[in-house]
Protein chains: 2
Amino acid sequence: MRVTIEDVAIKAKVSVNTVSRALNGKDGVSEKTREKIIRIAQEMNYRPNILARSMRQNRSDFVGVSVLDIGNSVFTKMIKGIEKVLMDDSLSIIIGNSDEDVDKERHYLETMLSTNCRGIIISHVNSSGLKFLRHERIPFVVLDRDTQKFECDQVYVDNNKMGYLATKHLLDLGHRDIVFINKESEFDTDHRRRVEGYLQALNEHGLQNMAHVYSCLDAEQGKKTVQEIWKKETQPTGIVIGQHSVAEGVIMMLTQLRIKIPTELSVVIIGEPSWASILTPGFTTIERPLELVGSKAAKLLLDRTQGKIKGDYISYVVSSSLVVRESTGPPPG
Amino acid sequence: MRVTIEDVAIKAKVSVNTVSRALNGKDGVSEKTREKIIRIAQEMNYRPNILARSMRQNRSDFVGVSVLDIGNSVFTKMIKGIEKVLMDDSLSIIIGNSDEDVDKERHYLETMLSTNCRGIIISHVNSSGLKFLRHERIPFVVLDRDTQKFECDQVYVDNNKMGYLATKHLLDLGHRDIVFINKESEFDTDHRRRVEGYLQALNEHGLQNMAHVYSCLDAEQGKKTVQEIWKKETQPTGIVIGQHSVAEGVIMMLTQLRIKIPTELSVVIIGEPSWASILTPGFTTIERPLELVGSKAAKLLLDRTQGKIKGDYISYVVSSSLVVRESTGPPPG
DNA sequence: CTGAAAGCGCTAACAG
DNA sequence: CTGTTAGCGCTTTCAG
């Protein structure tokens with residue numbers, strides 16, 4: 001059996017109450033007694049049972065974090081940001097990996113609730129999870145996902161702006177024929193926003209009739225899309241790729257077709273593939289400050305649970321940034 | 001306030017005890033009462049407080065997982081394997097991110113212990129963390145790290161074999177002048193083992209005097225090492241790079257120097273950089289089955305905590321595998 | 001088959 | 001300044 005507060009009390013010849021106060025730095029204990037108790041507690045290697053404390057205080061030191069894929073570094077970078085903030089408040093993270101599965105997500109949310117956690121940070125599968133949390137009246141913050149019509153605290157990156165920035169960069173370089181290769185996914189509207197940003201940038205240049213959007217589910221379809229485009233009579237001079245996994249396929253096929261980047265074709269990738277800076281040429285990207293998204297979300301949740309923020313839901317919109325590398329240049333000719 | 005077992009008991013007009021038994025599927029409740037209780041519990045949206053349960057049963061449903069860097073996908077892939085196994089037993093993961101900092105690791109280990117967790121899976125910073133856990137008599141399994149002389153349950157990949165496989169592959173292709181570019185780190189002996197595998201392979205071919213090992217702390221030093229090597233009179237025809245981040249620097253510099261892969265130089269990377277398959281040429285790698293390492297570790301921990309395994313510590317050694325892509329071929333000439 | 005009561009380890013309220 | 005007592009929500013005796 002582990003050492004309990006009572007064991008310490010007996011050894012120190014005081015009441016458990018006094019031990020509790022001494023160890024928690026509360027008033028009502030003489031310095032002498034406090035020191036003695038702290039010394040004895042250390043000697044006995046006493047470690048408070050935080051489950052018991054949580055029970056008594058009716059709130060636990062856990063925060064739930066549910067993500068779509070724990071194996072994806074996009075999420076773990078955000079978790080890193082979360083972790084840094086929560087660490088300062090001695091809060092622990094309970095991880096849930098939904099694998100983009102509604103039932104699995106629900107399972108983890110239930111578990112988190114069962115631990116009486118302070119709140120939940122979630123990158124949700126679809127709105128059902130959020131509705132559940134709302135119904136359970138637990139504070140939560142949505143991470144880097146568009147909640148559509150569902151109002152709640154959230155921190156996200158302006159996806160529209162990502163598409164806009166990428167397209168604008170190519171337009172500024174003089175490109176007029178720019179294609180957007182989109183990542184299509186069932187629930188996610190974030191990618192649609194990127195397309196909207198693309199369209200908006202074209203519109204501003206009066207090029208709305210030059211818009212060409214292709215949608216791909218994965219890298220494989222990215223390859224096929226490139227083949228398809230290069231079978232046509234004329235080819236674009238610029239491509240914006242909406243997401244990294246699709247980009248992998250696109251780049252592979254472009255390389256196979258021996259299309260020269262950036263002399264024949266300029267390429268911008270939305271996202272932060274780890275290989276963007278390693279490839280030759282390095283790829284121009286639109287990157288999100290992932291750790292910042294995580295830390296902002298954690299702070300927002302803490303402020304909410306601590307009552308520092310009350311009332312209306314808050315949306316923090318974090319900016320993405322254009323990182324120019326070698327895959328973009330002026331159009332040929 | 002959340003719905004408690006007592007609320008359900010009152011509504012169902014039975015004792016809390018009966019509710020507990022009914023909901024936990026224990027005997028001593030008539031089917032009729034059980035059904036009624038289950039129905040009422042659902043209606044009331046009752047959810048057991050697992051903290052209270054844990055207190056009473058004196059064991060919690062948590063498992064601690066401490067890793068060196070949560071932002072690194074190597075670890076999160078292992079976590080994914082862990083998660084899949086623990087999910088089946090309805091256990092929750094408490095994450096600790098040590099950031100390779102002994103104090104931070106210790107902090108998280110203490111927290112995990114405070115939750116009365118079943119056990120801990122850890123990729124440790126150095127042996128002090130392990131000694132602490134041993135002293136606390138908590139079951140733990142070490143993840144993908146060489147514990148050196150410290151005996152304990154562990155699951156790891158044979159690092160020696162990784163170095164051996166990489167070198168052997170080049171030797172089989174006919175290379176004789178093979179350089180090893182090593183990742184050097186303060187605590188980690190895993191990379192040293194990879195060097196040993198390299199040396200062993202050379203020895204088997206009577207090439208021990210051809211061994212050249214360079215050590216780098218990071219990508220930057222990887223670049224410099226390449227410059228250094230290519231200033232010499234003769235250059236190797238094959239390179240084994242011990243780790244992915246060093247590899248990034250090495251590859252960048254090789255590209256800058258316009259060294260043709262694989263015609264002039266063959267390259268094998270130990271590890272699983274995400275870009276290995278995307279680059280042209282794709283890089284031949286020695287890869288670890290990371291999810292498997294995680295799931296094996298989780299199973300081992302469960303077996304240990306459940307008493308299915310008793311006595312001596314177990315080391316599972318998982319095999320790595322050679323993935324041949326385009327960066328390796330016969331030596332020039 | 002069911003209920004009453006004890007108690008897990010801790011903190012908060014109240015008393016001295 | 002310190003101690004006594006109650007109780008967080010649950011499961012586990014022990015009685016009926």
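Everything numeric in this text was worked out from a predicted model, so none of it was measured. Below, chain A is the first sequence line, B the second, and so on; all start at residue 1.
- Counting only heavy atoms from C-beta outward, the side chains of B:Cys117 and B:Val63 never approach each other to under 4.5 Å.
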*Check the pair B:Ser90, A:His107 against side-chain contact (heavy atoms from CB on, under 4.5 Å), reporting the backbone distance first and the verdict last.*
CA-CA 9 Å; B:Ser90 286; A:His107 164 86; 4.1 Å; yes

*Take A:Asp69 and B:Lys80 through the side-chain contact (heavy atoms from CB on, under 4.5 Å) test and state the conclusion after the steps.*
CA-CA 8 Å; A:Asp69 179 11; B:Lys80 203 167 176 174; 2.8 Å; yes

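- The shortest heavy-atom contact between B:Arg2 and A:Asn116 is NH1-OD1, 3.7 Å.
- For the pair B:Val85/B:Ser295, a side-chain contact is recorded, criterion being any heavy-atom separation below 4.5 Å from C-beta on.
- Distance CG (A:Leu51) to C1' (C:dG7): 16 Å, rounded to an integer number of Å.
- Distance A:Leu23 CG to C:dG9 P: 16 Å, rounded to the nearest Å.
- Side-chain contact between B:Arg304 and B:Phe140 is absent, with no heavy-atom pair separated by less than 4.5 Å.
- With a 4.5 Å cut-off on side-chain heavy atoms, B:Met87 and A:Lys104 count as touching.
- The overall bend of the helix from C:dC1-D:dG16 to C:dG16-D:dC1, read as the angle between its terminal helix axes built from five base pairs each, is 50° when rounded to 10 degrees.
- When the nucleotides C:dG9, C:dA4, D:dC1 are ranked by their closest atom to the side chain of A:Ser30, D:dC1 comes out on top.
- Per the geometry, CE belonging to B:Met55 stands 8 Å off P belonging to C:dC10, to the nearest Å.
- Using a 4.0 Å heavy-atom distance criterion, A:Thr33 is classed as a sugar-phosphate-only contact.
- Between B:Arg2 atom CZ and D:dC8 atom P the separation is 15 Å, expressed in whole Å.
- The closest side-chain heavy-atom distance from B:Arg134 to B:Cys152 is below 4.5 Å.
- A straight line from CZ of B:Arg59 to P of C:dG7 spans 22 Å, rounded to a whole angstrom.
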*Can you give one letter per nucleotide of nucleotides 10-16 of chain D, going 5' to 3': B for a protein heavy atom under 4.0 Å from the base, S for sugar-phosphate only, - for none?*
BBBB---

